[in-house]
Amino acid sequence: MSATVRSFNPANPADLVIEVPAPGAFGAAAAVERARAAQPGWLAAGAAARSAALGRAAEAVEAHAEELAALAGREVGKPLGEARGEVARTVAILRYYAQAPYAASGAVHETAAGQGLLLTRRRPYGVAGLITPWNFPFAIPVWKAAPALAVGNTVALKPAPEATACALRLAELLALPEDVLTVLPGGAEEGAAVVSAADIVSFTGSTGTGQAVIRTATERSVPVQAEMGGLNAAIVLPDADIEQAAAQLAFAIAGYAGQKCTATSRVIAVGDALEPLRAALGKALAAAGADSGPVISEAARERLTGAIASAVEGSAELLAGGQLPQRDGWFIEPTLLARVPAGHPLLAEEFFGPVAVLLGAADLDEAIALANATRHNLSASVHTRELDVALAAADRLDAGMIRINAPSSGVDFHLPFGGAKAASYGSREQGQAALDFYTASRTVSLLPAGGA
Ligand code: NAD
């Protein structure tokens with residue numbers, strides 16, 4: 001008997017957004033088999049057909065942008081402005097990859113001996129098993145599915161249970177041929193079944209789950225990429241425009257209630273930047289409060305309040321927030337803490353909420369050492385007017401994405417996306433990197449018939 005997947009509105013937990021049956025492990029494996037059977041036809045349909053399908057998908061998503069943004073607001077608590085931005089990005093990703101089927105799929109090389117020709121050709125793997133989180137319920141499924149489909153794979157998408165309605169509506173709008181893109185509602189059971197059956201795996205989610213997915217896929221010797229949690233740092237130099245930095249940091253800490261893998265959770269003020277930044281950031285976070293949205297669940301909020309309480313019981317000083325607003329839903333005020341005791345979990349783990357720690361550093365060297373003192377370096381930001389300082393910091397920071405005078409969250413949709421150390425495994429997502437990931441290279445030697 002299959003279980004049921006249900007998702008609730010985090011701003012109004014009494015609102016059941018969707019309830020659907022989950023296929024279970026057996027049903028998920030069967031869906032991957034159907035996707036495998038559909039793959040040769042999808043590849044054989046040709047570049048024009050795949051390009052047109054992705055182009056039509058972009059039109060459909062764009063035509064339903066307001067509906068989708070509202071659904072993300074209801075199901076995963078995304079503020080409307082951010083939800084609209086995510087839908088626009090989804091459309092842009094589809095348009096970008098709609099061009100990809102026409103790109104060269106290989107190259108011609110000289111043979112070493114001089115006779116004949118060598119061809120390299122890139123070919124799809126078969127079924128791409130995509131496992132996605134709830135926080136970008138349209139953009140992440142599409143930034144995986146669109147390149148996979150463009151190059152001729154079919155897709156089995158296992159969305160996070162919290163974003164089930166978004167995934168099912170997205171798939172309706174994409175309107176691809178039967179079994180070319182299948183959404184499998186469910187949780188760990190269906191996810192594990194997809195990872196155990198797909199020909200190539202792309203995962204985004206928390207670090208622990210990602211590591212389990214990597215283990216299973218590598219044991220099966222199928223290609224796998226995983227984008228996981230971040231513990232991202234922002235470095236503010238004394239010469240920075242402190243008001244601008246505070247506004248950008250408030251967005252990076254509190255935007256979408258801190259539930260972006262690229263959110264800032266550690267702010268490192270260098271030297272004389274500390275005092276003005278304390279004041280400016282505290283004020284900016286207090287102002288950000290109402291707009292940042294709820295966190296995804298009661299459990300997520302309890303984990304945050306527990307961490308804040310234990311830090312304050314230690315030596316920490318509460319510079320902003322820390323309270324639960326008097327309203328329905330899983331809201332928590334954007335929070336800034338200073339003097340958090342060394343070794344506290346807030347300095348070591350991703351909490352995925354609107355909470356950040358302010359640290360002081362004597363100079364840039366100490367700031368870089370603090371920023372790099374984690375294995376979860378996804379993105380980082382540096383705030384300074386000095387170009388040489390910015391470039392030196394960008395060189396020395398362990399992070400996949402480094403942003404100068406900009407929030408740590410956000411990167412253009414056509415550039416490689418991914419982290420450093422334990423934040424990321426395998427090749428990058430987005431842009432050309434994704435097209436390379438979803439294809440394998442084969443070398444074809446063409447020699448003259450009857451040659452020596
Ligand atoms: P999660 O790890 O709980 O779940 C992610 C997905 O994995 C879901 O679809 C889930 O059902 C599935 N899953 C769970 N157990 C599984 C298993 N054993 N095998 C296969 N699949 C399994 O993460 P979440 O709460 O949905 O998302 C939040 C996390 O995602 C945060 O840690 C955040 O940093 C991370 N994230 C990372 C990026 C990035 O690009 N680095 C982007 C967005 C979110």
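All ligand and atom numbering here is 1-based and tracks the order in the structure. Everything numeric in this text was worked out from a predicted model, so none of it was measured.
Of the possible donor and acceptor atoms, none in the side chain of W134 sits under 3.5 Å from a partner among the backbone N and O of P161.
Atom-to-atom distance recorded for L231:CG and S379:OG is 10.5 Å, nearest 0.5 angstrom.
At a threshold of 4.0 Å, the pair R6-E162 does not count as salt-bridged, since none of the basic side-chain nitrogens sits closer than that to a carboxylate oxygen.
Side-chain atoms of E19 and T4 form no donor-acceptor pair, as typed in the model, at a separation below 3.5 Å.
At a heavy-atom cutoff of 4.0 Å, ligand 1 is surrounded by I131, T132, P133, W134, N135, I140, K158, P159, A160, P161, G187, A188, G191, A192, F203, T204, G205, S206, T209, V213, E227, M228, G229, C261, E350, F352, L378, F417.
Residues N232 and N377 are not in side-chain contact: their nearest non-hydrogen atoms beyond the backbone lie 4.5 Å or more apart.
The local environment of NZ in K283 is sparse, with at most 12 non-hydrogen atoms from other residues, nucleotides or ligands closer than 6.0 Å.
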